[in-house]
Structure formats: structure tokens, C-alpha cells
Engineer: 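Here's a structure for you.
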There are 2 protein chains.
Amino acid sequence: MEPAPRRGRPRSEDADARIIEAALESLLDRGYDRFSVDEVAVAAGVAKTTLYRRWPTKDHLIVAVVARLQEQVPVGYSGDVRADLTQYLGAIVDGLDRMRRAGRPATSGDASAGLVAEVAAAAARHADVGAAVQEMFARRNSLALALLEQAREQGELRATADPEVIFDQLAGALYYRLLVTGQPIDAAYVARLVAGVLDGSSG
Amino acid sequence: MEPAPRRGRPRSEDADARIIEAALESLLDRGYDRFSVDEVAVAAGVAKTTLYRRWPTKDHLIVAVVARLQEQVPVGYSGDVRADLTQYLGAIVDGLDRMRRAGRPATSGDASAGLVAEVAAAAARHADVGAAVQEMFARRNSLALALLEQAREQGELRATADPEVIFDQLAGALYYRLLVTGQPIDAAYVARLVAGVLDGSSG
């Protein structure tokens, strides 16, 4: 959402922007456990009541922050779907890695999903947070789905290819490794994944 | 860890089994939020100290319960990999559905990941819970990987097929829908997913 033009006094979206900025900084610095909504209000220079009216719980505020982080993943069709998907998944992996490390020291061997798991749990606990998370991913993923549709129109994907399923296979494998099995996600894995999805496995 | 041999009085694994049983019942009935470790100790007829020595937090105990639920998913190669994978994923979907509904009323339109998300968050919070969850999935998933290996040996999958990646695409898509996008997972979706993974999408 673009803010409307300014009219004299600070408007609520100015406060929103300051809050999100302060929350992002605090979250990256301190992590989910030690993240304090009250401290964010102080850092953003807004009344606690203002903050709580807009985001009633820590979970609500954190999802708003993650939504901002997520908007930074670029995606577009260049005519080479294999390269585009590889680049796109690489950007997702980088974003997930920033989120999972938020507020935690970079310990070798630490594979915790960190904030990524907390967001999934927050979405599961509060119906309104769940709806916000789903909306955020629907908006973000629509760009990747459009890329897959274009690749199909150009004949890079077969006519029967199923963009929704293709996207779930790709993003799903990454989230599954991060949230469930804890197996590493590196550039070599991304390459294997893109090859597997495009080429299939039938004999 | 294997328990030591029996010597007259009830052994610790008897107590463990009673605790897991009581915890499972309580979890399915009350859900994660209202699940009480103290009440499980009472229901299992063990001292709280016994329970806490074995599972120091609610998160630790819940993962032990989920490990038991997860062991019930059957998988084997029949010579028809498409049918086998469809059946296997159907069983995973049923198990996920039981877990996500644990302790919650069956409200129409409720797509919360429930306990599945709480387990992912517990794994992210405690390194030892994370290790236990990863071990549980490694053990369970090894059966599905063996099925894919057999299908490849039999020529149902091509020689270059990558069982680890295939498995991540399948399981990952299901968990991604449940934990992240909230999109429905039904038999029609499972069929699309298996077809997508086996057939690929290249033009």
C-alpha cells in the first residue's frame, strides 16, 4: 500500500512505517523470544496504545515485519525458466536464512528454523494472523506463478504443466527442509531441485 | 537410548509408555495450548519429577507423542510407484489432519496447522527437540526413500532420478500448504502432485 500524500501532521501510516522499521531492527537484533513490543513502541516514538490498537499481539506485529522482508524477493521471466527459477529460489533461500538467524548468534551447525517456525506457529494460533500470512504468501507467490504461466505459453513448460503444483514442489521442498528435516539448503541443492521439478522422474 | 534390563519393579519404559499414552489422549482432547504436563503425570500415575526428568518441557513431551503418531504411516513398494506414492501421501495427509485438529473443534473453514506448527516451533526453539524431530523424520522418511530407490532399480523411475529431491517435492508440498499458504490438501491435489513429480514439466 502506498501512503497518501502528507497533510500537515504525521499520519497513522507514518507511525506504522516507524513501528515496522523499529520492529524489524529489534527482531533481527534480539530474535523472537526477546523481542519486546513495548520496546518497539519506545524506539518508534509512539504510544503503546497506538501500537497495540494496530497490532494486538507480538505475533501480529512480527507477521507485519516478515511481510515487509518477504516483499523484497524479485521474480520475472527472462525466457530461460531454469535460470529464473534457480535465481528465484536462491533469493528465497537467502530470505529464509536471514529470518532463521534473526536474533541468534551464527553458531556453526545451527540449523534451527528460528523465526520462520515462529511465524508458522503464530499463523496457526490466531485465525487473523493466519489469514494475514496466507494473504502475504498468495501475493508474493502470484509473481512466481505468473512466471511459470509465461514459461508455459512460450513452450518452455509443457502444455499440461501445473504451475500451482510446480510452485508447491519448489517452495515446499525448501520450507520442508528448513522446518521439518533440518537438512541443508545450498546452491547445489537448489540446482538438484529445479532439475528434478522440470525434468520429472518417470522412467 | 535402550533401557536397562528388568529387575523386579516396574521398569522405566512401562512408565514411559503410560506417560506417552496419557499425553496422546490429553493432546488430542485438549490441544497444545491447554495441554498440561502436570495433568499427564497424574493421569499416567507417575511422579511429576519422573516425568520432568525424562521430558524437561512440554515441547519435549509433545514431540515424543508426535513421534508415536508418525510411526503409524505405512509404506512399501508394490511395483506401481504412482499408486504407492498416492497411497503414502494420502496416509501423511490423514496424519497431518489429525495433528492439526488435535484439541480443536471441527469448525468449517478452519485451516490452522495447529499442532504441526507447534512441533515445528518447538524444534526451532530447543536444539535437543530439533534433533529429536529430525531423527524422527529421518527414520520415517527412510522407508519412502527405499521405496523410491526400488522403483528406480525396477526402471519405473529413470536412472538419474533423485529420491531425496523427489521425496522433498512430495512431502514438502503438503507441509508447505499446511504450514504456510493454508491451501487445501485433498485427494485431487495429491493426484496432481504425484503426476507433477513423476512426469515433470519441461516442454
Side-chain angles (χ1 to χ4, degrees), chain A residues 32-33 81 100 110-118 120-125 127 130-131 133-134 137-138 141 148 151-152 154-166 168-177 179-183 189 192-193 195-203, chain B residues 32-33 81 100 110-118 120-125 127 130-131 133-134 137-138 141 148 151-152 154-166 168-177 179-183 189 192-193 195-203:
Chain A
Y32 181 87
D33 282 348
V81 72
R100 78 172 193 81
D110 172 14
S112 166
L115 184 57
V116 183
E118 299 295 354
R125 270 179 223 133
V133 168
Q134 291 173 17
F137 278 93
N141 295 351
L148 291 167
R152 186 170 64 177
Q154 296 301 316
E156 270 211 285
L157 299 183
R158 67 180 66 162
T160 56
D162 189 337
E164 267 188 23
V165 168
I166 295 170
D168 290 346
Q169 290 172 50
L170 293 165
L174 303 181
Y175 279 82
Y176 184 66
R177 289 203 149 208
L179 286 168
V180 178
T181 66
Q183 291 190 279
Y189 179 74
R192 282 165 66 195
L193 178 59
V197 168
L198 292 179
D199 303 336
S201 41
S202 302
Chain B
Y32 181 87
D33 282 347
V81 72
R100 79 173 193 80
D110 172 14
S112 166
L115 184 57
V116 182
E118 298 294 354
R125 270 179 223 134
V133 167
Q134 291 174 15
F137 277 93
N141 296 352
L148 292 167
R152 186 170 63 177
Q154 296 299 316
E156 270 211 286
L157 299 184
R158 66 181 67 161
T160 55
D162 189 337
E164 266 186 26
V165 169
I166 294 170
D168 290 346
Q169 289 173 50
L170 293 166
L174 302 181
Y175 279 82
Y176 183 65
R177 289 203 148 209
L179 287 168
V180 178
T181 65
Q183 290 190 279
Y189 180 74
R192 281 165 65 195
L193 178 59
V197 168
L198 292 178
D199 303 337
S201 41
S202 300

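First the proteins, then the strands, lettered A, B, ... as listed; each starts at 1.
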Engineer: Please look at A:A120 and chain B and tell me whether the side chain, the backbone, both or neither of the residue comes under 4.5 angstrom of a heavy atom of that chain.
Structural biologist: both
Engineer: Looking only at heavy atoms and a cut-off of under 4.5 Å, which of A:A159, A:A123, A:A171, A:A131 has the most pairs with chain B?
Structural biologist: A:A171
Engineer: Based on non-hydrogen pairs under 4.5 Å, which of A:T181, A:L148, A:L115, A:V116 is most in contact with chain B?
Structural biologist: A:T181
Engineer: With rounding to the nearest 0.5 angstrom, report the CG to CZ distance, B:L179 to B:R100.
Structural biologist: 11.5 Å
Engineer: Could you list the residues that satisfy salt bridge (charged side-chain N to carboxylate O under 4.0 Å, His left out) with A:R192, not counting sequence neighbours?
Structural biologist: B:D162, B:E164
Engineer: Does any non-hydrogen side-chain atom of B:Y176 lie less than 4.5 Å from one of A:L174?
Structural biologist: no
Engineer: Measuring heavy-atom distances to chain A, does B:A138 have an atom under 4.5 Å in its side chain, in its backbone, in both, or in neither?
Structural biologist: neither
Engineer: B:A161: what forms a side chain to side chain contact (heavy atoms under 4.5 Å, CB included) with it, not counting sequence neighbours?
Structural biologist: A:S201, B:R152, B:L157, B:R158, B:I166
Engineer: Is there a side-chain contact between A:Y175 and A:V180, using heavy atoms and a 4.5 Å cut-off?
Structural biologist: no
Engineer: Highest number of heavy-atom pairs under 4.5 Å with chain A: which of B:Q134, B:Q169, B:Q183, B:R177?
Structural biologist: B:Q169
Engineer: Given heavy-atom pairs under 4.5 angstrom as the criterion, report whether the side chain, backbone, both or neither of A:Y32 touches chain B.
Structural biologist: neither
Engineer: Count the heavy-atom pairs under 4.5 Å between each of B:L170, B:N141, B:T160 and chain A, then report the option with the highest count.
Structural biologist: B:N141
Engineer: Give the member of A:A124, A:A122, A:G114 that has the highest number of heavy-atom pairs under 4.5 Å with chain B.
Structural biologist: A:A124
